[in-house]
Amino acid sequence: MPELPEVETIARSLRDGQGDTPGVVGKTITGVNMYWEGSVETPTASEFKTRIIGQTIQSVGRRAKYFVLTLSEDTLLIHLRMSGDLLVGQAGESLADHIRASFTLDDRWQLAFNNPRKFGRLWLVADTTEQFAKLGPEPFDPALTSSVFWEMLQKRSRQIKPLLLDQGFIAGMGNIYTDEALHLTRIHPLTRANQLTLPQAETLLMNIRLVLEDGIRHNGSSIDWVYRGGDHQNHFKVYDRKGKPCLVCGTPIEKKVVRQRGTHFCPTCQPSPKEEV
DNA sequence: CACGAGACCTGTTCGC
DNA sequence: TGCGAACAGGTCTCGT
């Protein structure tokens with residue numbers, strides 16, 4: 001579930017509240033239930049609990065696919081990885097089937113970390129420099145102009161799809177939005193980054209922003225049991241459309257594995273680069 | 001530096 | 001219907 005648009009959507013709902021559920025900003029963490037201690041990356045689970053209790057949530061933000069909760073003393077970072085979700089409800093309520101940790105807020109509400117596959121992690125740190133050191137630019141950073149982006153691509157010989165998934169190259173892209181952006185731009189996923197032309201780089205950056213904005217506008221994509229709320233899954237043009245006609249040219253969409261990830265593309269709109277096949 | 005494979009985990013869906 | 005295999009939105013580490 002969680003690529004940039006889903007993380008952004010959840011971050012906004014945590015900030016602004018949703019229906020009868022209030023936002024979490026301004027609330028104080030009055031208790032912690034840790035159901036799976038492996039959730040905590042740093043510090044130790046017991047230190048995490050001791051240190052976080054009593055801190056007030058001052059803001060909720062996002063960097064790459066991390067939630068950034070600024071607390072009175074520390075910063076709480078949350079990464080959902082493949083199957084996580086964050087839910088707010090009344091304290092004591094059972095919000096989902098795989099809650100690994102929950103935070104009581106003002107003795108009355110709770111913020112729950114649901115994480116079926118246990119890949120997601122929590123960090124409580126005084127300073128986020130270490131965690132964020134290797135991240136590439138945010139896709140919406142105005143400093144990321146098309147010429148900067150093209151120069152970044154020119155320096156890399158990797159295949160474009162795995163490169164876009166690399167959070168150190170650009171932050172926030174995941175499997176769905178990468179396939180969508182490449183399809184829109186008519187670039188084959190195995191094309192070498194440094195083979196792209198300047199116009200292609202410009203269009204690719206524009207389309208990366210477009211697919212992410214569309215995802216956010218639809219409140220993210222809901223697939224399987226993990227995340228409900230968004231409906232961007234109804235707007236996919238290639239992802240999860242294997243065998244179905246390309247919406248541009250009608251050719252059946254193909255799916256192949258690239259670096260262990262299911263990769264969808266239109267063989268007509270996105271012709272193979274020369275050396276590959 | 002680039003790449004493939006394997007790990008980390010659990011739940012759902014697919015194929016026979 | 002049943003059962004194992006394959007697959008899933010992410011990222012890290014190791015060996016080549």
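Chain A is the first sequence line, chain B the second, and so forth, proteins listed ahead of strands; every chain is numbered from 1.
Using a 4.0 Å cut-off between charged side-chain N and carboxylate O, A:R217 and A:E213 make no salt bridge. With salt bridges taken as basic N to acidic carboxylate O contacts below 4.0 Å, one links A:E138 and A:R63.
The side-chain heavy atoms of A:F140 and A:R209, taken from C-beta on, include a pair separated by under 4.5 Å.
Closest contact between the side chain of A:E3 and the listed nucleotides C:dG10, B:dC3, B:dC9 involves C:dG10. In this structure, of B:dA2, C:dG9, B:dT10, it is B:dA2 that holds the atom nearest to the side chain of A:S157. For A:S221, taking side-chain heavy atoms from C-beta onward, the closest of the listed nucleotides B:dT10, B:dA2, C:dG9 is C:dG9.
At B:dG11, one or more side-chain N or O atoms of A:H98 fall inside 4.0 Å of OP1 or OP2 (strictly under the cut-off). Applying the 4.0 Å criterion to OP1 and OP2 of C:dG9, one finds that A:Y239 has a side-chain N or O inside that range. Between B:dT10 and A:K118, a contact under 4.0 Å exists linking OP1 or OP2 to a side-chain N or O. Side-chain N/O atoms of A:R158 include none lying less than 4.0 angstrom from OP1 or OP2 on B:dC1.
A:N115 places its CG atom 16 Å from the P atom of B:dC8, with the value rounded to the nearest Å. Rounded to a whole Å, the CZ atom of A:R117 is 12 Å from the C1' atom of C:dA6. Here B:dG11 presents its C1' atom at 15 Å from CG of A:D85, a figure rounded to the nearest Å. Atom pair A:L163:CG and B:dC1:P shows a separation of 12 Å (rounding to whole Å applied). Taking atom NE2 of A:H218 as the reference point, atom C1' of C:dG9 lies 18 Å away to the nearest angstrom. Here the P atom of nucleotide B:dT12 and the CG atom of A:D97 are 9 Å apart, to the nearest Å. For the pair A:F119 CZ and B:dT10 P, the interatomic distance rounds to 9 Å; values are reported in whole Å. Rounding to whole angstrom units, CG of residue A:D179 and C1' of C:dG9 are separated by 11 Å.
One P atom belongs to C:dA6, the other to B:dA5, and the distance between them is 15 Å to the nearest Å. Going from the P atom of C:dC7 to that of B:dG6 covers 14 Å, rounded to whole Å. Comparing B:dC14 with C:dG9, their P atoms are spaced 15 Å from each other, to the whole Å.
In the model, A:Q167 has no side-chain atom that pairs as donor or acceptor with a side-chain atom of A:Y66 under 3.5 Å.
Residues satisfying the side chain to side chain contact (heavy atoms under 4.5 Å, CB included) test with A:S72, not counting sequence neighbours, are A:Q55, A:T56, A:Q58. Listed by chain and residue number, nothing satisfies the side chain to side chain contact (heavy atoms under 4.5 Å, CB included) test with A:T50 (two or more places apart in sequence, or in another chain). Considering only residues two or more places apart in sequence or on other chains, A:R100 meets the salt bridge (Lys or Arg N to Asp or Glu O under 4.0 Å) condition with none of them. With sequence neighbours excluded, the residues that form a side-chain hydrogen bond (donor to acceptor under 3.5 Å, both in side chains) with A:H218 are A:H232, A:H235.
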Evaluate the salt bridge (Lys or Arg N to Asp or Glu O under 4.0 Å) criterion for residues A:E151 and A:K155: first the C-alpha distance (whole Å), next the side-chain angles of each, then the deciding distance (0.1 Å), finally the verdict.
-> CA-CA 6 Å; A:E151 282 164 25; A:K155 288 180 198 154; 5.6 Å; no
Please tabulate the protein-to-nucleotide N/O contacts below 3.5 Å involving nucleotides 11-13 of chain C, giving atom names and distances.
| residue | atom | partner | partner atom | Å |
| --- | --- | --- | --- | --- |
| C:dT11 | OP1 | A:H79 | NE2 | 2.8 |
| C:dT11 | OP2 | A:K65 | NZ | 2.8 |
| C:dT11 | OP2 | A:Q167 | NE2 | 3.3 |

How does DNA chain C read in dot-bracket, base by base from 5' to 3', with Watson-Crick or G-U pairs under 3.5 Å and | used when the partner is on another strand?
-> .|||||||.|||||||
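For the pair A:P162 and A:Q260, nearest-nucleotide mapping onto DNA chain B gives the more 5' position to A:P162.
Of the inter-residue distances, the one linking A:T104 atom OG1 with A:N33 atom CG reads 5.5 Å to the nearest 0.5 angstrom.
Not a single donor-acceptor contact under 3.5 angstrom links the side-chain atoms of A:R156 to the base of B:dA2.
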